[in-house]
Protein chains: 2
Amino acid sequence: MGEVLEITRPKTRAKKRLAVKLEDLPLGQILPGDCIEAMRSLPDASVDAVFADPPYNLQLGGDLNRPDGSHVDAVTDHWDQFDSFAIYDQFTRDWLTEARRVLKPDGSLWVIGSYHNIFRVGAILQDLGFWILNDIVWRKSNPMPNFRGTRFTNAHETLIWASQGEKAKYHFNYRAMKTLNDELQMRSDWVIPICAGQERLKQDDGHKAHPTQKPEALLYRVLLATTEAGDVVLDPFFGTGTTGAVAKRLGRHWIGCEREKAYRDVAMKRIDKELPLDESALKTMQSRKSAPRVAFGALVEAGFLKPGTELFDKKRRWCATVRADGSISCGKQSGSIHGVGKDLQEAPSCNGWTFWHLEHEGKIEPLDTLRQLYLLAVED
Amino acid sequence: MGEVLEITRPKTRAKKRLAVKLEDLPLGQILPGDCIEAMRSLPDASVDAVFADPPYNLQLGGDLNRPDGSHVDAVTDHWDQFDSFAIYDQFTRDWLTEARRVLKPDGSLWVIGSYHNIFRVGAILQDLGFWILNDIVWRKSNPMPNFRGTRFTNAHETLIWASQGEKAKYHFNYRAMKTLNDELQMRSDWVIPICAGQERLKQDDGHKAHPTQKPEALLYRVLLATTEAGDVVLDPFFGTGTTGAVAKRLGRHWIGCEREKAYRDVAMKRIDKELPLDESALKTMQSRKSAPRVAFGALVEAGFLKPGTELFDKKRRWCATVRADGSISCGKQSGSIHGVGKDLQEAPSCNGWTFWHLEHEGKIEPLDTLRQLYLLAVED
DNA sequence: GGTATATCTGAATCACTTA
DNA sequence: ATAAGTGATTCAGATATAC
């Protein structure tokens, strides 16, 4: 089924009690029929993330032609037709309710939409108890112009990222995102081209296989940001399987739901061809949080720092001495590198690793540099 | 009151029947008290646009410090506190209902918000019958980082632009927007810096006068895009009066509502200092729709084009001859520049102005160039 | 006086572990 | 459950200060 069954979740995230076994899930399968029914077949709290690209309820009017006379192939498929907002809302509430049941307590929900539907989806998911963490703007580098000159070029779509609730835990690979964005924090607006060219799946007659195929780059960022290798990702509106293809590539398990057989066939063929990246390529920058926490004392213990070494702040306003137990002292103050730094500055908090420096061959270096060296040394 | 009473709406937009007289409106005034009550004092269908920056219902938790220990001055004002989504929704429904009543049938509604509230606002305004024309993303060039490294940097806010209904007319200054965007269609994502520096209004103690003052560039684009000089703009959450200041500068009338006296005082002082642009600066690029339509025949009549001149398409597949009455002929086909172009290409439509070209000093130029010259010549 | 450098701040639903 | 203690974390732009 094109799945990477060897991959398991890191032990740090394993829930021993009531944990759903991976073998009991239809991993690497596209469940046929209505997605709400299909999701009912899955156990509670069994997937780590849901990515959903539901019908947008576009409600388009007449035909549209380009200035050169060619015809615009719009989304007029039957699955995008709803008779009223009330019916669309009920449909939305139903699939979101099932998604919420199936999602683990620390799982992430992602939904993508346009102004036609995203406000309704967002309000309903809030009503159900989901807690919005960010709204993300997918800025299309190559959107279709507004041929009639009647509005602004519709150049973006909106994604909502939500956790199970206000107090719920969730996973965010901060370091991986920052690395991906050239060492600046990843922002809430992402520039990504629309899905076209080789990536766009075609039918035998050369016509596009699906009217709203999403770019793989979009799913790549979503899955890298909020899931780990070995996680299970569910897509209730699988379409031609972009979520499955990227999940497989990134070593995530996947489950899809899709009503239309034609889409299921295209998706399965596509995903079978996909090759998973090997394990070393999958390793992402570790966030400080999930990295082993280093106690300052461990550096002293390991001989990276001798007791008696003098520490300074950057401007040499204060000087402290390292003691054998990993505490430091500065005049009458003593305690952890964080606590002493905080008290001296009379600040509400202080990161001792970046506040304190030591002199090494005439240069002043923050303690953090030493911590990095220590981490490298103990990694293996 | 700092208003430009000389300015009136162009006659093309005047509604003779049931029209509200400008003298009967509190132009250039900030109505005190609750905005819903204040709007009740205005007649039906009396304003051309509503711009609303309602409370975002942020629901913030504890304190936040920057990595350097400094404190982040968050929005904790009483006017942003709501006990539940239900109460916020009711408040939203109430002010939107009044705004809808006061807005003319061909008026524009603008609302700005963040992910905390915008989905609720969007769904409710759709429920009330407003028709969303675009959602606009204000991309902040200098957003506040996510200091905890727990989410994506919240780098944008969302605006919704809506008309009174699916079939309602509305006004969009397409040409002005395209000109503003360097001859490319204006997109739905706008890059604008946050309001800081000189533009940010300060109290006597140097502290910011309002926690959420919007940049004037944002209002400038909104008003230029969807209102005309002489129009009336209503802002139910006036704050420190960015809407009023920009409206006055652009020769639009304005009405504000604001509960807090401190904000009203700051706003009035600010707007009094604002100078309106003079009339010639206010002239924007005319849209094709509101520009006098040029009949091809008028160019012939005026001697811009001699009967007998040969026209070509860009690739010189076809050649047509201009006739004295402004029709053209090409083989057996004859008729208007649009109709002949359409039939030759077997296309559903054809813009003859851009399809047909003529040779001038060895260069091939579209007819449209000639039309522009003609328009310039007849302007005075 | 001009150029570096330092400081300040902005609509933010902003932690986790152990006692 | 709640409270307390420890630990982790920032980008662009405007203004102020130093050289």
Side-chain angles (χ1 to χ4, degrees), chain A residues 126 130-135 161-163 165-170 172 174-175 178 181-188 287-291 293-297 314-315 335-342 347-355 368 371, chain B residues 53-77 79-82 85 88 112-119 138-158 191 193-200 202 206-208 210-215 237 239:
Chain A
Q126 284 181 315
F130 284 107
W131 193 251
I132 299 180
L133 298 165
N134 277 118
D135 60 335
W161 172 39
S163 68
E166 181 173 2
K167 306 290 181 196
K169 286 188 179 163
Y170 60 89
F172 179 54
Y174 176 76
R175 277 303 319 170
K178 192 166 176 180
N181 197 38
D182 206 14
E183 288 307 310
L184 287 180
Q185 284 192 342
M186 186 69 80
R187 297 168 40 119
S188 56
S287 82
R288 297 260 163 89
K289 248 167 252 163
S290 57
R293 204 169 257 202
V294 179
F296 180 65
K314 209 174 177 183
K315 293 188 183 164
S336 76
I337 53 171
H338 312 294
V340 173
K342 169 175 160 281
S349 66
C350 169
N351 179 349
W353 293 109
T354 53
F355 178 73
D368 205 40
R371 177 169 64 160
Chain B
D53 181 10
Y56 286 11
N57 190 23
L58 288 185
Q59 312 286 5
L60 299 177
D63 271 11
L64 179 65
N65 294 310
R66 298 188 181 77
D68 66 3
S70 65
H71 183 253
V72 174
D73 186 18
V75 180
T76 51
D77 304 69
W79 47 256
D80 198 43
Q81 306 297 321
F82 294 83
F85 278 140
Y88 186 80
I112 182 168
S114 67
Y115 66 84
H116 310 85
N117 71 323
I118 198 68
F119 300 110
W138 166 27
R139 301 181 50 224
K140 302 178 185 184
S141 54
N142 48 348
M144 185 159 63
N146 180 298
F147 294 118
R148 300 259 189 226
T150 52
R151 304 180 183 189
F152 299 97
T153 305
N154 202 356
H156 74 276
E157 295 188 25
T158 302
V191 181
I194 58 177
C195 181
Q198 291 298 325
E199 190 187 325
R200 189 86 195 209
K202 304 281 198 291
H207 194 264
K208 58 190 174 191
H210 193 284
T212 70
Q213 187 183 338
K214 294 295 174 287
F237 307 96

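First the proteins, then the strands, lettered A, B, ... as listed; each starts at 1.
The same atom, P, is picked in dA12(C) and in dA8(D); the two are 25 Å apart, to the nearest Å. dA19(C) and dG7(D) have their P atoms separated by 13 Å, with the value rounded to a whole Å. dT7(C) and dT10(D) have their C1' atoms separated by 14 Å, given to the nearest Å. Between the C1' atoms of dG10(C) and dC14(C), the separation comes to 15 Å (whole Å).
Between R66(B) atom CZ and dA15(C) atom P there is a gap of 17 Å when expressed in whole angstrom units.
Ring to ring, W161(A) and Y170(A) are close: their centroids are under 6.0 angstrom apart.
H338(A) has a side-chain polar atom (N or O) that falls below the 4.0 Å cut-off from OP1 or OP2 of dG7(D). Not one side-chain nitrogen or oxygen of Y170(A) sits closer than 4.0 Å to the OP1 or OP2 atom of dC16(C). Between K140(B) and dA12(D), a side-chain N or O to OP1/OP2 separation shorter than 4.0 Å is absent. Proximity of Q213(B) to the phosphate of dA11(C): no side-chain N or O atom is located under 4.0 Å from OP1 or OP2.
D80(B) comes within 4.0 angstrom of a base, heavy atoms only. In this structure, S114(B) reaches neither bases nor backbone, as no heavy-atom distance under 4.0 Å exists between it and the strands shown. Heavy atoms of P193(B) sit nowhere under 4.0 angstrom from any nucleic acid atom. Among the heavy atoms of the strands lying under 4.0 Å from L184(A) are primed sugar atoms or P, OP1, OP2 only; no base atom is included. Residue contacts for K167(A): at a heavy-atom cut-off of 4.0 Å it reaches no nucleic acid atom on any strand shown.
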With both pairing distances under 3.5 angstrom for Watson-Crick or G-U wobble, and | for a partner in another strand, the correct string for DNA chain D is .|||||....|||||||||

Exercise. Go through the steps to decide whether F119(B) and D135(A) satisfy the test side chain to side chain contact (heavy atoms under 4.5 Å, CB included), and finish with yes or no.
Key: CA-CA 10 Å; F119(B) 300 110; D135(A) 60 335; 4.1 Å; yes

**OP:** Before giving the answer on side chain to side chain contact (heavy atoms under 4.5 Å, CB included), spell out for M186(A) and Y174(A) the whole-Å C-alpha distance, their side-chain angles and the decisive distance to 0.1 Å.
**Re:** CA-CA 8 Å; M186(A) 186 69 80; Y174(A) 176 76; over 6 Å; no

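Ranking dC11(D), dG7(D), dA12(C) by closeness to the Q185(A) side chain, first place goes to dC11(D).
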